[in-house]
**Q** 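The structure that follows is given in the form of structure tokens.
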Amino acid sequence: MTLDLQLSMSPLPLQFYQQDTLSVARNLLGTCLVHESAEGTTIGRITETEAYLWGDPACHAYRRKTNRNGVMFGPPGHAYVYQIYGLHHCVNVVTAPEGVGEAVLIRSLQPLEGTLLMQRRRGTDKLTDLCRGPGRLVQAMGISKAMNGISLLESPLFVLPAGAFGSPVPVFPMVTTTRIGITQGTDLPYRFYIRDNRYVSFPVKNISGVK
DNA sequence: GCTGGGATCGCCT
DNA sequence: GGCGATCCCAGCG
């Protein structure tokens with residue numbers, strides 16, 4: 001199938017993001033994140049996610065709604081982009097009904113289209129370094145803080161179902177572990193990734209279950 | 001108004 | 001595997 005035909009596929013609909021947050025985190029594995037920018041189109045298969053839930057001390061929305069986390073309290077199916085450590089940005093998909101602050105962090109992608117553009121944006125040729133890690137993938141995809149709050153149901157930023165771009169749509173083994181880089185809620189098994197995939201940030205760490 | 005911590009990365013050894 | 005860069009914002013006063 002050509003790129004044009006692939007892109008004619010429909011983005012994941014609102015109903016996808018209305019699933020409970022852990023289901024969204026699991027079901028995002030294997031889907032394809034697309035950004036149609038002025039520089040060109042980049043696409044990556046989602047290989048690693050983390051869920052951040054209501055009542056979860058590691059969740060940015062744990063305490064209350066603020067300017068920074070406000071988008072998390074909005075309707076599902078939107079992008080939550082924030083800056084971390086003053087240098088990098090991370091992208092989440094907002095889940096849960098309006099008023100409930102939950103989201104899924106996208107931690108890694110397998111580059112599928114626009115890899116030359118990704119290499120230029122990242123300043124490296126190494127395929128595995130383009131989108132492995134939340135800060136890296138945001139840079140490779142050309143996602144900016146200005147995109148905080150935009151809808152994920154339409155261009156320029158959206159997700160195509162698993163099965164696009166020759167994904168192994170049937171089944172792939174999924175690993176469930178604790179989350180990376182947090183100091184609270186470290187025991188919660190809210191991180192998911194595709195097993196044996198090279199494009200994962202920290203494989204096989206604190207494995208609590210393999211499906 | 002000030003202070004400290006944070007869902008990271010790249011470079012160094 | 002360790003560490004420095006670097007800045008927004010929440011929390012406190």
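In what follows, every chain begins at residue 1, and chains take the letters A, B, ... in the order their sequences are listed.
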**Q** Answer yes or no: does atom CG of N67(A) have more than 12 heavy-atom neighbours from other residues, nucleotides or ligands under 6.0 Å?
**A**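 Counting other residues, nucleotides and ligands, CG of N67(A) stays at 12 neighbours or fewer.
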**Q** Nearest 0.5 angstrom please: D20(A) CG to Q18(A) CD, how far?
**A**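 D20(A) CG to Q18(A) CD: 12.0 Å, rounded to 0.5 Å.
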**Q** Can you measure I180(A) atom CD1 to dG1(C) atom P for me and round it to whole angstrom units?
**A**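 One finds 14 Å between P of dG1(C) and CD1 of I180(A), rounded.
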**Q** Any side-chain heavy-atom pair from V159(A) and L33(A) closer than 4.5 angstrom?
**A**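 Yes. Closest side-chain heavy atoms under 4.5 Å.
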**Q** NA contact type, N92(A), heavy-atom cut-off 4.0 Å: base, sugar-phosphate, or nothing?
**A**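 Result for N92(A) = base.
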**Q** For DNA chain B, whose closest nucleotide is more 5', that of Y80(A) or that of R122(A)?
**A**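 The 5'-side residue here is Y80(A).
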**Q** When the nearest nucleotide of DNA chain B is assigned to G133(A) and to G86(A) on a heavy-atom basis, which residue is associated with the more 5' position?
**A**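 The answer here is G86(A).
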**Q** Per the side-chain contact (heavy atoms from CB on, under 4.5 Å) rule, which among V34(A), L117(A), T42(A) passes with M141(A)?
**A**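 Per the side-chain contact (heavy atoms from CB on, under 4.5 Å) rule, the option paired with M141(A) is T42(A), out of V34(A), L117(A), T42(A).
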**Q** Which residue lies toward the 5' end of DNA chain C, H88(A) or N69(A), if each is placed at its nearest nucleotide?
**A**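 Nearer the 5' end of the strand: H88(A).
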**Q** Between T47(A), T128(A), N197(A), which is the residue that forms a side-chain hydrogen bond (donor to acceptor under 3.5 Å, both in side chains) with Q110(A)?
**A**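 The single option meeting the side-chain hydrogen bond (donor to acceptor under 3.5 Å, both in side chains) with Q110(A) is N197(A).
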**Q** Of all the choices, dA10(C), dA5(C), dG11(C), which nucleotide is nearest to the side chain of R68(A) once you look at every atom?
**A**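 The nucleotide sitting nearest to the side chain is dA10(C).
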**Q** Go through Y193(A) and T177(A) one step at a time and tell me if the side chain to side chain contact (heavy atoms under 4.5 Å, CB included) criterion holds.
**A** CA-CA 8 Å; Y193(A) 65 85; T177(A) 76; 3.8 Å; yes
**Q** Rounded to the Å, how far apart are R63(A) CZ and dC9(C) C1'?
**A**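 For the pair R63(A) CZ and dC9(C) C1', the rounded distance is 13 Å.
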**Q** For dA10(C) and R64(A) - does any side-chain N or O of the residue sit under 4.0 Å from the phosphate oxygens OP1/OP2?
**A**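 Answer no for this pair, as no side-chain N or O of R64(A) is under 4.0 Å from OP1 or OP2.
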**Q** For DNA chain B, what are the stems built from at least three Watson-Crick or G-U pairs in a row, each pair having both distances below 3.5 Å?
**A**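 Stems found: B:1-6 with C:7-12, B:8-12 with C:1-5.
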**Q** N67(A) CG to dG11(C) C1': how many Å, rounded?
**A**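 Distance, rounded to whole Å: 15 Å.
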**Q** To the nearest Å, how far apart are H60(A) NE2 and dA10(C) C1'?
**A**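 The distance from NE2 of H60(A) to C1' of dA10(C) comes to 12 Å, rounded to the nearest Å.
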**Q** Between C1' on dG4(C) and CD1 on I84(A), what's the gap in Å once rounded to a whole number?
**A**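 Going from I84(A) (CD1) to dG4(C) (C1'), I get 16 Å.
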**Q** With a strict under 4.0 Å distance from non-hydrogen atoms of chain A, what nucleotide opens and what nucleotide closes the contacted stretch of DNA chain B, reading 5' to 3'?
**A**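 First and last nucleotides in contact are dG6(B) to dG10(B).
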**Q** Does R121(A) pair with E39(A) as a salt bridge, N-O distance under 4.0 Å?
**A**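 Counted as a salt bridge, because a side-chain N and a carboxylate O are separated by less than 4.0 Å.
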**Q** Validate the cation-pi geometry between R107(A) and F202(A): distance from NZ or CZ to the six-membered ring centre under 6.0 Å, angle to the ring axis within 45°.
**A**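 So R107(A) doesn't make the cation-pi contact.
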**Q** Who are the side chain to side chain donor-acceptor pair (under 3.5 Å) partners of H60(A), not counting sequence neighbours?
**A**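 Partners of H60(A) under the side chain to side chain donor-acceptor pair (under 3.5 Å) test: Y80(A).
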**Q** At under 4.0 Å, does any side-chain N or O of T66(A) touch on OP1 or OP2 of dA10(C)?
**A**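 Answer yes for this pair, as a side-chain N or O of T66(A) is under 4.0 Å from OP1 or OP2.
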**Q** When all nucleic acid strands are considered with a 4.0 Å heavy-atom cut-off, which category describes E50(A): base, sugar-phosphate, or nothing?
**A**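 No contact at all - E50(A) keeps every heavy atom at 4.0 Å or more from the nucleic acid.
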